[in-house]
Amino acid sequence: MKKLLFILTALLSINIAQAADFVPQEGKQFITVTQPASVDKEVIEFFSFYCPHCANFQMEYKIPQAIQAKMPQGTHFVKYHVNFLGRASEDLTRAWAFAMATNSTELVEDALFEAAQSNRISSMADIRKIFIDKGITAEQFDNGINSFAVNGLVNKQINALEQYQVKGVPAFFVNGNKQIDMGGFSDSSSVQQFVDNYTTTVLYLLNH
């Protein structure tokens, strides 16, 4: 028993040391893109409800939540839905715009992921039901889904997608001109190390 405890303690010490030693490198964990740096600190995540990796980031790894919990005060964290994956992707981009406009993103995000991942979304009617099941009234949804404010947020997501030339998701951009490179974490020895190093990289860029 003492030997087992010693081994576990040693392994824990190694993991802590590895986490403490990790310093993100440009060209490996992140790259500089041809966008102007933002005036304010910000993180932009592009995602799709149809993307399995995006679902893992949100519901299993909880990377967005970890970043938001530790990012510097005053940092803006925004999530934009892409419209190039899945048959109802354009409807989901509009639904996400509605969620942003009504401050209901946290309320419906996981439910939309679960429905899209299990192929239970084929029309706006399916999306409408999810919002209603989560407490948004039918009147709120019907009056808001095509409103001026939502149309503006739909266009904002589409324009951002084009501006950042996003070809795959999840895609994270920090302070406008730094993009996280998923391939730079391929040598992670565990899921937890991947999560820790990915989060650390975003926070590193926010603070430098």
Side-chain angles (χ1 to χ4, degrees), residues 42-71 75-174 179-180 182 185 191 194-195 198-199 202:
E42 69 173 14
V43 179
I44 300 176
E45 177 192 354
F46 291 92
F47 77 103
S48 169
F49 287 114
Y50 286 109
C51 163
H53 295 304
C54 300
N56 288 337
F57 265 50
Q58 171 65 24
M59 296 191 293
E60 182 179 352
Y61 307 155
K62 301 188 183 300
I63 288 175
Q65 298 91 320
I67 293 168
Q68 291 178 75
K70 296 179 181 179
M71 64 189 188
T75 301
H76 301 288
F77 188 108
V78 294
K79 304 182 72 167
Y80 292 147
H81 190 268
V82 302
N83 57 9
F84 56 70
L85 285 178
R87 58 180 174 175
S89 60
E90 292 185 2
D91 285 342
L92 282 166
T93 295
R94 177 167 293 277
W96 188 245
F98 174 77
M100 289 192 286
T102 55
N103 295 316
S104 58
T105 55
E106 293 185 9
L107 184 67
V108 299
E109 186 170 5
D110 285 3
L112 289 170
F113 264 121
E114 290 167 358
Q117 291 297 304
S118 57
N119 295 315
R120 289 187 285 111
I121 296 178
S122 59
S123 68
M124 185 62 82
D126 297 323
I127 296 170
R128 180 179 183 269
K129 184 178 185 304
I130 291 169
F131 275 83
I132 292 173
D133 287 346
K134 287 297 179 178
I136 301 297
T137 67
E139 183 179 12
Q140 281 178 298
F141 188 90
D142 294 340
N143 290 340
I145 193 65
N146 293 305
S147 66
F148 178 81
V150 169
N151 287 340
L153 287 169
V154 169
N155 290 331
K156 189 173 185 177
Q157 292 178 93
I158 293 172
N159 291 338
L161 179 65
E162 295 174 353
Q163 177 186 347
Y164 285 91
Q165 301 178 11
V166 177
K167 304 300 182 184
V169 286
F172 280 73
F173 293 83
V174 184
Q179 182 179 6
I180 308 301
M182 183 87 77
F185 304 91
V191 170
F194 165 74
V195 172
Y198 197 102
T199 302
V202 174

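Computed from heavy atoms alone, side chains included, the values below leave out hydrogens, waters and symmetry copies. Since the model is a prediction, treat every value here as computed from it, not as a measurement.
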In short, V82 meets S48 closest at the heavy-atom pair CG2-CB, 3.7 Å
Considering non-hydrogen atoms only, spot the tightest contact between S147 and G144 and give its length.
-> OG-O, 2.8 Å
Output for pair (I130 CD1, L112 CG), nearest 0.5 Å, gives 5.0 Å
Taking all atoms of both residues into account, what is the closest heavy-atom pair of A171 and V166, and its distance?
-> CB-CG1, 4.2 Å
side-chain contact (heavy atoms from CB on, under 4.5 Å) against Q58, all qualifying residues, sequence neighbours excluded | P64, Q65, K79, E109, D110, F113
Look at the rings of H81 and F47 and say which category their plane angle falls in: under 30° parallel, 30 to 60° tilted, over 60° perpendicular.
-> perpendicular
I136 and F98: side-chain contact (heavy atoms from CB on, under 4.5 Å), yes or no, with the steps?
-> CA-CA 11 Å; I136 301 297; F98 174 77; 4.0 Å; yes
On a heavy-atom basis, the closest approach of A97 and L153 is O-CD1, 3.4 Å
Could you tell me the separation between the CD1 atom of I63 and the CZ atom of F194, rounded to the nearest 0.5 Å?
-> 4.5 Å
Mark yes or no for whether Y50, through its side chain, and A88, through its backbone, hold a donor-acceptor pair below 3.5 Å.
-> yes
What's the shortest heavy-atom distance between P170 and C51, and which atoms?
-> CD-SG, 4.0 Å
Full working for side-chain contact (heavy atoms from CB on, under 4.5 Å) between L161 and Q157 | CA-CA 6 Å; L161 179 65; Q157 292 178 93; over 6 Å; no
Measure the spacing between CG of N143 and OG1 of T137 and express it to the nearest 0.5 Å.
-> 8.0 Å
Between Y198 and Y61, ring centroids under 6.0 Å = no
Interatomic distance, NZ@K62 vs CD@Q68, rounded to 0.5 Å, equals 12.0 Å
Do any pairs count as a side chain to side chain donor-acceptor pair (under 3.5 Å) and have a residue in residues 118-136, sequence neighbours left out, and if so which ones?
-> S118-R120, S122-D126, R128-D142, K129-D133
Spatial distance of atom CZ (F141) from atom CD1 (I127) [nearest 0.5 Å] = 6.5 Å
Would you find a donor on one side and an acceptor on the other, under 3.5 Å apart, between the side chain of S104 and the backbone of L107?
-> no
Can you tell me if Q117 uses its side chain to pair, donor with acceptor, with the backbone of F49 under 3.5 Å?
-> yes
Backbone of V150 reached by a side-chain donor or acceptor of R94 within 3.5 Å | no
For atom CD of E42, decide whether the heavy atoms of other residues, nucleotides or ligands shown that lie under 6.0 angstrom number more than 12.
-> yes
Steps toward side-chain contact (heavy atoms from CB on, under 4.5 Å) verdict (V78, Y80) = CA-CA 7 Å; V78 294; Y80 292 147; 4.1 Å; yes
Assess whether atom CD of E60 is packed by more than 12 heavy atoms of other residues, nucleotides or ligands within 6.0 Å.
-> yes
What class does the angle between the rings of F46 and Y164 fall in, given that below 30° is parallel, 30 to 60° is tilted and above 60° is perpendicular?
-> tilted
